[in-house]
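Data first, discussion second: the structure below is written as structure tokens.
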Amino acid sequence: MLSTTARPWIEATLPVVLEHGEAITRHFYQRMLGQHPELKNLFNLSNQSQGDQAQALARAVYAYAAHMDQAQLIAPVLERIAHKHVSLGITPAQYTIVGRHLLASIGEVLGAAITADIASAWDEVYWLMASELIAREARLYQERHWAVGGAWPELEVCDLQASSEDTLSLTLRAPDGRPLPDFIPGQYLSVALPLPELGLSQIRQYSLSNRPGEGVWRITVKRVRGEASKEGEPAGRPDGLVSTRLHEQIRVGDCLRVGPTAGDFQLRPGLQPVVMISAGVGITPMVSMLQHIAHSQPERPLCFAYATTSPAHYPLREEVESTLARLTHARYQLWLEQGSQSRPGAVPGRMALDGPHDLGAWPADADYYLCGPLAFMQAQRRTLLSQGIERSRIHYEVFGPDLFGDLP
């Protein structure tokens with residue numbers, strides 16, 4: 001709990017820190033990575049260059065300071081961050097490095113406005129948040145029997161399949177043939193790929209797209225195509241460093257270095273109805289959930305709603321549709337921006353849950369799972385809330401810096 005001495009300073013300076021939050025965290029990353037270049041292996045270079053990472057850190061620290069007394073609001077955010085940190089292999093010692101540079105950056109950006117009392121108050125807030133995260137992460141590491149700070153294992157690629165025009169499914173197994181540990185449907189896996197031309201590695205998270213209990217892990221990777229800059233606009237995005245390499249260079253028999261499975265986006269236990277709503281490559285965790293239900297709970301009611309640009313960009317389509325066809329209590333609706341006439345029952349255009357479709361009424365007792373582009377999830381979530389679905393029943397997955405969140 002924040003001390004009575006620090007609380008008034010935090011309440012008084014929250015608006016200023018929020019206003020300058022992105023500038024502070026941009027300065028922080030430059031400062032920390034300049035002195036600790038080895039930490040570049042932990043951060044997504046694309047998010048760094050676009051400023052997304054700075055926004056995420058600013059939001060996390062501000063949200064914690066603003067809501068630290070509201071456990072029902074802050075706990076889910078901390079759990080999501082803890083899972084992400086575990087997937088990256090973050091260690092307790094790294095919190096000391098981050099804290100030192102973050103607090104120094106607040107002083108260097110805001111200057112004389114940051115007195116010793118204000119700096120001490122923000123140091124207290126940071127370590128309250130860090131202590132909560134360290135404890136959560138210790139539990140997650142222990143559950144996975146994972147050696148914190150140890151070398152990541154290498155898994156062998158035993159199968160490669162093009163699952164759509166722009167996605168590739170890679171099945172991984174232990175080189176010694178032992179079955180890989182189980183995971184919870186919806187969770188993701190970190191892959192670390194060396195980039196010799198940059199002198200570092202990059203880590204990316206990919207949802208597991210097979211069901212648990214098979215002894216192998218499958219990920220389905222979309223190839224990220226760059227966008228050229230337009231005249232008068234900021235620079236565009238380059239091709240994805242890791243996804244391009246996975247698509248072009250990885251072959252059966254190669255090995256990939258992987259971290260522990262993680263993610264708080266998990267299929268809840270029980271027999272209550274399930275509604276899966278996804279778009280694009282966001283279908284991958286839904287495929288894991290679908291396969292698990294088909295294998296272990298075939299009587300469980302489910303709705304499967306999916307949107308994509310065209311049939312050619314529908315990952316794992318045959319697997320999804322054949323599985324749904326076997327289930328007697330499954331409903332299915334597809335939205336296609338192009339080529340809807342080639343798929344019987346498909347709705348043309350982008351998904352609109354409040355428009356015409358064949359899914360029927362939304363069950364109030366169902367759990368709702370969302371995955372896809374950020375704007376897509378925000379839109380579907382707003383619609384569900386407007387339909388009277390309880391906020392606690394809506395679960396979502398966001399890769400990269402989390403700008404969504406449930407906090408005001």
To the nearest 0.5 Å, atom CG of L246 lies from atom CG of L256 at 6.5 Å
Would you say that W9 contacts D117 through its side chain, given a criterion of any heavy-atom pair below 4.5 Å between the two side chains? yes
Verify whether one side chain among E337 and T309 offers a donor that lies under 3.5 Å from an acceptor in the other. no
Considering non-hydrogen atoms only, spot the tightest contact between L78 and L133 and give its length. O-CD2, 3.4 Å
Enumerate the residue pairs fulfilling ring-ring contact (aromatic ring centres under 6.0 Å, His included) with a member in residues 255-312, sequence neighbours excluded, ordered by first and then second residue. F265-Y369, Y306-Y314
R245 and E248 ion-paired at < 4.0 Å: no
Report the C-alpha distance between M129 and M68 in whole Å, list the side-chain angles of each, state the deciding distance to 0.1 Å, and finish with yes or no for side-chain contact (heavy atoms from CB on, under 4.5 Å). CA-CA 8 Å; M129 182 177 76; M68 66 175 69; over 6 Å; no
Please find the pair of heavy atoms, one from N41 and one from S201, that lie closest to each other, and give the distance. OD1-N, 2.7 Å
For the residue pair Y332 / E321, report whether a side-chain donor-acceptor contact shorter than 3.5 Å exists. yes
For T308 and H313, indicate whether the former's side chain and the latter's backbone hold a donor-acceptor pair under 3.5 Å. yes
Is it true that E137 and H85 share a donor-acceptor pair across their side chains at a distance under 3.5 Å? yes
Does a donor on one side chain sit under 3.5 Å from an acceptor on the other, for R268 and Q266? no
Would you tell me whether S209 and T220 have side-chain atoms, one donor and one acceptor, within less than 3.5 Å of each other? yes
For a quick check under 3.5 Å, do E124 and S3 share a side-chain donor-acceptor pair by atom type? yes
Close side-chain approach of L353 to M351, heavy-atom, < 4.5 Å: yes
Reported CG-to-CD distance for the pair L327 and E299, which is rounded to 0.5 angstrom: 9.0 Å
Please determine if R257 and E154 form a salt bridge, counting it only when a charged side-chain N lies under 4.0 Å from a carboxylate O. no
Just how far is it from atom CD1 of I277 to atom NE2 of H395, taken to the nearest 0.5 Å? 11.0 Å
Does E11 reach the main-chain N or O of P8 with its side chain, forming a donor-acceptor pair under 3.5 Å? no
Work out which heavy atom in G349 is nearest to a heavy atom in W335; give both atom names and the distance. O-CB, 3.6 Å
Report yes if some heavy atom in the side chain of K40 is under 4.5 Å from a heavy atom in the side chain of L33; otherwise report no. yes
How far apart are the C-alpha atoms of N210 and Q291, what are their side-chain angles, what is the distance that settles it, and do they pass the side-chain contact (heavy atoms from CB on, under 4.5 Å) test? CA-CA 7 Å; N210 65 315; Q291 294 291 13; over 6 Å; no
Compare all side-chain heavy atoms of D354 with those of Q387 and state whether any distance is below 4.5 angstrom. yes
Could you measure the distance from the OG1 atom of T171 to the CZ atom of R218? Nearest 0.5 Å is fine. 6.0 Å
Taking all atoms of both residues into account, what is the closest heavy-atom pair of V258 and W146, and its distance? O-CH2, 3.9 Å
Sidechain N-carboxylate O distance under 4.0 Å for E390, R381: no
With side chains defined as the heavy atoms from C-beta onward, is the minimum distance between F183 and P260 less than 4.5 Å? no
Is a side-chain N or O of T13 found less than 3.5 angstrom from the main chain of V16, in a donor-acceptor match? no
Any luck finding a side-chain donor-acceptor pair between Q272 and D367 under 3.5 Å? yes
Is a side-chain N or O of T284 found less than 3.5 angstrom from the main chain of V281, in a donor-acceptor match? yes
Quick one: does D182's side chain have a donor or acceptor within less than 3.5 Å of a partner on G213's backbone? yes
Quiz question: by atom type and distance under 3.5 Å, do the side chains of R80 and Y396 form a donor-acceptor pair? yes
Point-to-point distance, once rounded to the nearest 0.5 Å, from OG of S169 to CG of L160: 9.0 Å
Quick one about T244 and H247 (side-chain donor to acceptor, distance below 3.5 Å, no hydrogens or angles considered), yes or no? no
Where the side chain of R144 meets the backbone of T261, is there a donor-acceptor pair that is under 3.5 Å apart? yes
If you round to the nearest 0.5 Å, how far is CG of L267 from CE of M286? 10.0 Å
Do you know which two heavy atoms are closest between L14 and A66, and how far apart they sit? CD1-CA, 4.1 Å
CD/E143: more than 12 non-hydrogen atoms of other groups inside 6.0 Å: yes
Parallel, tilted or perpendicular: ring planes of W362 versus H357, cut at 30 and 60 degrees: tilted
Between the side chains of H67 and Q70, is a donor N or O closer than 3.5 angstrom to an acceptor N or O? yes
Side-chain donor-acceptor pair present, S164, T167, cut-off under 3.5 Å: yes
Taking the side chain as every heavy atom from C-beta outward, state whether Q187 and H83 have any atom pair closer than 4.5 Å. yes
Tell me whether the count of non-hydrogen atoms from other residues, nucleotides or ligands lying under 6.0 Å of CD in E38 goes above 12. yes
Answer yes or no: is there a side-chain heavy-atom contact under 4.5 Å between D159 and V157? no
Yes or no on side-chain contact (heavy atoms from CB on, under 4.5 Å) for I74 and Y64, after CA distance, side-chain angles and deciding distance? CA-CA 7 Å; I74 204 68; Y64 184 82; 3.8 Å; yes
Heavy-atom check, side chain of I203 versus side chain of W152, under 4.5 Å: yes
Which heavy atom of R31 sits nearest to which heavy atom of S105, and what is that distance? CD-OG, 3.7 Å
Look at atom CZ of R100 and say whether more than 12 heavy atoms of other residues, nucleotides or ligands are closer to it than 6.0 Å. yes
Note: D69-R7 ion pair, threshold 4.0 Å (strictly below): yes
Residues Q205, S190; criterion side chain to side chain donor-acceptor pair (under 3.5 Å); working and verdict: CA-CA 4 Å; Q205 285 81 32; S190 287; 3.1 Å; yes
Main-chain N/O of K84 paired to S87 side chain as donor or acceptor, under 3.5 Å: yes
Applying side chain to side chain donor-acceptor pair (under 3.5 Å) to Q380 and R382, what does each step give before you reach the verdict? CA-CA 5 Å; Q380 312 317 321; R382 284 193 297 267; over 6 Å; no
Given side-chain contact (heavy atoms from CB on, under 4.5 Å), test E79 with D264 step by step and report yes or no. CA-CA 7 Å; E79 189 69 9; D264 67 328; 4.3 Å; yes
Scan for ring-ring contact (aromatic ring centres under 6.0 Å, His included) pairs involving residues 119-138, sequence neighbours excluded, and state none if there are none. none
If only atom types and distance count, is the side chain of R173 paired as donor or acceptor with the main-chain N or O of P179 below 3.5 Å? no
